[in-house]
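Every chain is numbered from 1 and lettered A, B, ... according to where its sequence line falls, protein lines coming before strand lines.
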Amino acid sequence: MSPYMDEKLTKPYDPQATEDRIYQLWEESGFFNPDVCVQKGVCDKDAETFSIVLPPPNVTGTLHMGHSEMLAIQDILVRYNRMRGKKTLWLPGTDHAAIATQTKVEKKMYDEEGTTRHDVGREEFLKRVNQFAKESHDTIVHQIKKMGSSVDWSREAFTLDEKRTIAVRTAFKKMYDDGLVYRGHRIVNWCPHCYSTLSDDEVEYKEKKAVLYTFKYAKDFPFAIATTRPETKLGDSAVAVNPNDERYKAHIGEIFTVDLGHGAQTIKVIADEAVDPEYGTGALGVTPAHSMTDYDMAQKNDLPLIKVIDEHGKMTKEAGAQYEGLKVKEARAKFVQWLKDEELLLKEEEVDQNLSICYRCARPVEPLPSLQWFVNVNKTFTIPHSNIKGVTAGQQITLKELMHIVVQNGQIQIVPERFAKIYFHWIENLRDWCISRQIWYGHQIPVWYRDEETYVGVEKPKDAGWTQDPDTLDTWFSSGLWTFSTLGWPEETADLRTYHPTAILETGYDILFFWVARMVLMTTYLLGDIPFKNVYLHGLVRDERGRKMSKSIGNVIDPLDMIKIYGTDATRMSLIIGTSPGNDMKLSEEKIKAYKHFANKIWNITRFVVSNTEDTDLTVKPELTDHDRENLKELDALVADITKEIEQYHFYLAGEKLYHYVWHRFADVVIEESKVRLYGDNAVERSSAQWTLFHILTTSVTLLHPFMPFITEEVWSMLAHDKKNLLMIEPWPRS
RNA sequence: GGACGGCUAGCUCAGUUGGUAGAGCGUUCCCUUGACGUGGGAAAGGCCACAGGUUCGACUCCUGUGUCGUCCACCA
């Protein structure tokens, strides 16, 4: 018991002088690591576990408010459960973020030395990316610590480290052996600028004005077609009409030979339900090589693919000598001119078009045929064992079905619930997942070729003459394994047995498909289990006007700036209160400031309580007045309420209720009423008030700890009680 | 085209088993009271988007409309 008030308490609360010191204290205690907690008796060896994996931030990224929000929510969950006596693990790591990182380094190289990756070669380029990632890694880790995150750094992982590489290759090989991974010549989303494939989810859409051209393939062709991409028509092999369209019915099955100025081209009239008779002329030029839907029609009707656009976004030889090498737009102008000259062009009109663009560079995506690796989501395979409700070992099942069933049967609960519907809808529309990328940074595909042979394995084949597939895997392939690759899979480690499935995955709704769904896919397939029992989706942090925070608008609020000015606790509270799962939040500096005031209030309450209880032995509970009994009853009700709200993931409510209680009940009412009693000469009233104030304060900071870990830990250390432990391992109050 | 979400005090948002509404910030007035002016006290301010329906009673449930936004699909 300290007889004197800590000197710090005589001054206003200074987060800057407190937070780093406290974080170091926590780290040194080892309690972020559940093994240490077991060793030191903080929790039982057989205690119930609570585990979450940190959604790994991009290794080359910097902390933004979205990260802060996610770290705050997860830290609340983790600290709460640790205090509840669970064996609690929060496993951190970073993501190599293949294309994002590669692009960053390429840009840096180009800006600084004017070189491209091809100038320096693959090996040298990767050396540079790795170096860059390594440096950047320390920045993001430091920033995660600044948020107060109680993650177990001893278990830190990286999606591209050695262990994760083994996991990725093991997963790939298993899928290959089961026929779920295949190499095929398919129409893929191709970004000529990034020079790589994109998955369907990486394609975004933008409304744009476009010209719809109506023209005939030839003067004697019986009808016209309409298109916004005339240049692709050089690769047409059919024209499709609706089978019920009376205008064209008679022509179905006819075959025409036309010449669009680059030689003979065979056009067959086919029927397909997908054709809308109302649009354009009701007849659709089928370009199997450069349209997903046209490709499907081509498959059904056995039509040839004529690739007229190449990977650089330029016309190929097949488009004709006069077009070869031209950019798409140039070719379009030239071909339209040709149509005009030939008097084949009937109409030009402006229409709205939904243009496919690359999510990274926002440039148009070219669908084109390419030899790539895919995950087959519709192929049945035999699941060797299963912890999945409704699925038994040995059953025939598809990846799609697995993804669907674990949410359908409630084994995975999504908060807010409405996202389950969105998830199901996504699965329904899901096509095979293109997983190969033509970039260098990432997991190189574990496939080796020698002449006509193909070898798939975890290790490179021993004998000579093998060449590894140059492509790398979609970054989400490796992050899909995250909940168990971080725990040691494919080895059957104690961690894997203890902490998997994880309790909850907390992330932004914007990566529900990219990541959450892929984790479900990988885990159900590889482990026959779920990756997590709950999914909590937070909204996006926007600026005070509801706009996305972006560098170009200049409306970015940097969490580190806010931490510096207002402290981490205030920043965390501002991201928790007034928000609800799945809904975007608007953040302003004013809001953060308000919680800085709250931190100060806690500080001043502490000063008041400490200075008025210093002369008393608080370990002995005195006789309590009825009034104080009422006060404690109210506190008990608060404990029950806060516990309930956290259990239900209502952090915003728990935080708000704590704020309200501490300020407007405890400070404004209980403390105010206590003054007369503390300064009066009734000994019973006085000691009852002292004990009660002290008890309410210790309970309040305990309840507040998950939300505002720094100030509460600091206050705890200055209270004159017999509890020497850190607040972070103090048992959660019972009501 | 389909689905989903928001629409509650000037602003940002809560409101979970239906009983005519709350918080923060802001505004106005008062208070150098011995924890705190990063404070305290008081006050103003809302036909809870609109229209129907269920009900003794609806911000809360149902139907429809409007509006803003998001996601998905896609017409070439």
With sugar-phosphate meaning primed atoms plus P, OP1 and OP2, does A/A599 contact a base, only sugar-phosphate, or nothing at under 4.0 Å between heavy atoms? nothing
May I ask you to verify if any side-chain N or O of A/H664 is less than 4.0 angstrom from the OP1 or OP2 atom of B/rG24? yes
Check the phosphate of B/rC4 against A/K421, side-chain N and O only, distance under 4.0 Å to OP1 or OP2. Yes or no? yes
When rounded to the nearest 0.5 Å, the distance separating CD1 of A/I427 from NZ of A/K400 is 8.5 Å
Taking atom P in both B/rU32 and B/rG37, what distance in whole Å separates the two? 14 Å
P-based separation of B/rU16 from B/rG5 [nearest Å]: 16 Å
Please tell me if the side chains of A/D236 and A/V286 come closer than 4.5 Å, counting only heavy atoms from C-beta onward. no
Same-atom distance (P) from B/rC61 to B/rU17, integer angstrom: 11 Å
Of the listed B/rU38, B/rU16, B/rG41, the closest approach to the A/L653 side chain comes from B/rU16
Below 4.0 Å: OP1/OP2 of B/rA35 and any side-chain N or O of A/Y679: yes
Hey, does the side chain of A/S580 come within less than 4.0 Å of B/rC13's phosphate (OP1/OP2), counting only N and O? no
Rounding to an integer number of Å, can you tell me how far A/L540 CG sits from B/rG5 C1'? 14 Å
Using a heavy-atom distance cut-off of less than 4.0 Å, which residues of residues 234-243 of chain A contact RNA chain B? none
Could a donor-acceptor pair under 3.5 angstrom be found where the side chain of A/K657 meets the base of B/rA23? no
Can you tell me the distance, in whole Å, between the CZ atom of A/F651 and the C1' atom of B/rA14? 16 Å
Calculate, to the nearest 0.5 Å, the distance between atoms OH and CZ belonging to A/Y659 and A/F707 respectively. 14.5 Å
Is A/D352 close to A/K209 at the side-chain level, that is, under 4.5 Å between some pair of heavy atoms? yes
Can we say A/K564 and A/D561 salt-bridge, meaning some charged N sits less than 4.0 Å from an Asp/Glu carboxylate O? no
Which is it for A/K268 and A/S237 under the side-chain hydrogen bond (donor to acceptor under 3.5 Å, both in side chains) test, yes or no, and what are the steps along the way? CA-CA 7 Å; A/K268 184 179 180 184; A/S237 49; over 6 Å; no
Nearest heavy-atom contact between A/A283 and A/V239 is CB-CG2, 4.1 Å
Salt-bridged, A/K249 to A/E246, with N to O below 4.0 Å? yes
Which of the following nucleotides, B/rU12, B/rG39, B/rA35, is nearest to the side chain of A/H597? B/rG39
Between C1' on B/rA23 and NZ on A/K591, what's the gap in Å once rounded to a whole number? 11 Å
Please give the distance between the P atoms of B/rA21 and B/rG46 as a whole number of Å. 13 Å
Check: A/I225 and A/F215 side chains under 4.5 Å, non-hydrogen atoms: yes
Closest of B/rU38, B/rG40, B/rG5 to the A/D668 side chain is B/rG40
May I ask you to verify if any side-chain N or O of A/K586 is less than 4.0 angstrom from the OP1 or OP2 atom of B/rC13? yes
Using a cut-off of 4.0 Å between protein heavy atoms and nucleotide atoms, how would you tag nucleotides 68-76 of chain B 5' to 3' with B, S and -? ---SSBBBB
I need the CG-C1' distance between A/N600 and B/rG39, as an integer number of Å. 9 Å
Between A/Q648 (CD) and B/rU17 (P), how many Å, whole number? 11 Å
Should the side chain of A/K601 and the base of B/rC36 be counted as holding a donor-acceptor pair, with the cut-off at 3.5 Å? yes
Sugar-phosphate only, base, or nothing, as touched by A/I671 at under 4.0 Å among non-hydrogen atoms: base
Could you give the CE-to-P distance, from A/M585 to B/rG24, as a whole number of Å? 17 Å
Rounded distance in Å between the C1' positions of B/rG24 and B/rC56: 37 Å
Return the 5'-most residue of the pair A/Y652, A/Y595 with respect to RNA chain B, ranking by each residue's nearest nucleotide. A/Y652
Please report the distance separating the P of B/rG10 from the corresponding atom of B/rU28, rounded so that it comes out in whole Å. 16 Å
Quantified in whole Å, what is the C1' atom distance between nucleotide B/rC7 and nucleotide B/rC75? 33 Å
Length of the CG-P vector between A/N604 and B/rG34, whole Å: 13 Å
When the C1' atoms of B/rC59 and B/rC74 are compared, how many Å lie between them, rounded to an integer? 38 Å
Identified side chain to side chain donor-acceptor pair (under 3.5 Å) counterpart of A/Y566 within the set A/K596, A/E589, A/H597, A/K593: A/E589
Any chance you could encode RNA chain B as dot-bracket? Rule is Watson-Crick or G-U wobble with both distances under 3.5 Å; [ ] for pairs crossing earlier ones, | for another strand. (((((((..((((........)))).(((((.......))))).....(((((.......))))))))))))....
What is the minimum heavy-atom distance between A/I511 and A/T507, and which atoms define it? CD1-OG1, 3.2 Å
Is there a donor-acceptor contact under 3.5 Å linking the side chains of A/D628 and A/W691? no
For a 4.5 angstrom cut-off between non-hydrogen side-chain atoms, does A/C358 reach A/L198? yes
In Å, rounded to the nearest 0.5 Å, how long is the span from NE2 of A/H650 to CD of A/E645? 6.5 Å
Rounded off to whole Å, could you give me the OH-to-C1' distance for the A/Y659 and B/rC13 pair? 14 Å
